[in-house]
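Below is one structure, written out as structure tokens, with a few remarks after it.
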Amino acid sequence: QVQLVQSGGGLVQAGGSLRLSCAASGRTFSTYAMAWFRQAPGKEREFVAAIKWRLIGTYYADAVKGRFTISRDNAKNTVYLQMSSLEPEDTAVYYCAAGAGPYYSDADLGLRQKYGYWGQGTQVTVSS
């Protein structure tokens, strides 16, 4: 089992920045990738960004490329999502996720079903 505890989030004006954190504990040695997803009211949960846990590699949804950065601190078992140039359309509950794979391509990193562990979710609200 892997436990994920999220922190960060809140209310910010458009154009502002926020950073989300996700601390992992438990059987983290089995983790191949960690990711962020988000879910806006009335919409499906969608992929935001992913990072390979021990290898070099990140993957982003087109909607956030150039604005969001995912990073990790293996010593702290923590993954971060730095969000800049935020837009009202970024308003959603953000979830971190951990997965053991297998991932056959970078595109697999964006698939919700590839992740078996989820954080509690944190609200991000961007006002216009």
Side-chain angles (χ1 to χ4, degrees):
Q1 293 283 349
V2 177
Q3 295 78 41
L4 303 175
V5 177
Q6 300 178 218
S7 59
L11 174 64
V12 65
Q13 288 188 330
S17 299
L18 282 174
R19 189 176 83 156
L20 305 180
S21 301
C22 176
S25 61
R27 296 172 61 89
T28 57
F29 60 85
S30 65
T31 299
Y32 181 85
M34 293 188 71
W36 291 94
F37 289 75
R38 66 187 182 187
Q39 187 166 15
K43 294 188 176 182
E44 295 286 321
R45 192 172 298 187
E46 64 175 5
F47 169 74
V48 175
I51 188 165
K52 297 178 183 178
W53 194 237
R54 292 182 177 80
L55 302 177
I56 297 174
T58 56
Y59 185 64
Y60 295 92
D62 288 343
V64 305
K65 278 182 183 176
R67 300 189 299 121
F68 290 11
T69 302
I70 188 170
S71 62
R72 68 177 192 265
D73 185 333
N74 291 73
K76 296 182 179 180
N77 282 340
T78 300
V79 65
Y80 305 95
L81 185 68
Q82 178 67 47
M83 304 181 291
S84 302
S85 301
L86 283 161
E87 304 168 352
E89 293 74 22
D90 296 316
T91 295
V93 176
Y94 284 69
Y95 297 90
C96 71
Y103 303 89
Y104 299 108
S105 68
D106 283 350
D108 281 358
L109 292 170
L111 299 178
R112 180 180 172 180
Q113 61 266 35
K114 290 290 188 178
Y115 296 89
Y117 302 100
W118 294 85
Q120 79 275 21
T122 186
Q123 178 70 45
V124 171
T125 303
V126 184
S127 62
S128 57

Which atom names give the shortest non-hydrogen contact between [X] and [Y], and what distance separates them?
X     : Y     : answer
Ile70 : Trp36 : CD1-CD1, 3.6 Å
Ala24 : Met34 : CB-CE, 4.3 Å
Pro88 : Ala14 : CD-CB, 4.1 Å
Phe47 : Ala35 : CE1-CB, 4.3 Å
Ala98 : Leu4  : N-CD1, 3.7 Å
Asp73 : Trp53 : O-CH2, 4.5 Å

Donor-acceptor pair, [X] side chain versus [Y] backbone, under 3.5 Å?
X     : Y      : value
Asp90 : Leu86  : no
Arg72 : Lys52  : yes
Gln6  : Cys22  : no
Thr91 : Val126 : yes

Atom pair [atom1]/[atom2] of [X] and [Y] - distance to nearest 0.5 Å:
X      : Y      : atom1 : atom2 : result
Gln82  : Ser21  : CD    : OG    : 9.5 Å
Gln13  : Ser128 : CD    : OG    : 9.5 Å
Tyr115 : Phe37  : OH    : CZ    : 5.5 Å

pair [X]-[Y]: side-chain heavy atoms closer than 4.5 Å:
X      : Y      : value
Leu111 : Tyr103 : no
Leu20  : Val124 : yes
Arg112 : Tyr95  : no
Arg67  : Tyr60  : no
Val64  : Arg38  : yes
Tyr117 : Arg27  : no

**Q.** Other ILVMFWY residues reachable from Leu11 by side-chain steps of under 4.5 Å
**A.** none

Q) More than 12 foreign heavy atoms under 6.0 Å from CZ of Arg54: is that the case here? A) yes

State plainly whether one hydrophobic cluster holds both [X] and [Y], where clusters connect Ile, Leu, Val, Met, Phe, Trp and Tyr through side-chain heavy atoms under 4.5 angstrom apart.
X      : Y     : answer
Leu109 : Ile51 : no
Val48  : Val12 : yes
Tyr80  : Tyr59 : no

Q.
Apply side-chain contact (heavy atoms from CB on, under 4.5 Å) to residues Lys114 and Tyr32 and explain how you reach the verdict.
A. CA-CA 10 Å; Lys114 290 290 188 178; Tyr32 181 85; over 6 Å; no

Q: With sequence neighbours left out, write down each residue that passes side chain to side chain donor-acceptor pair (under 3.5 Å) with Arg19, or none if nothing qualifies.
A: none

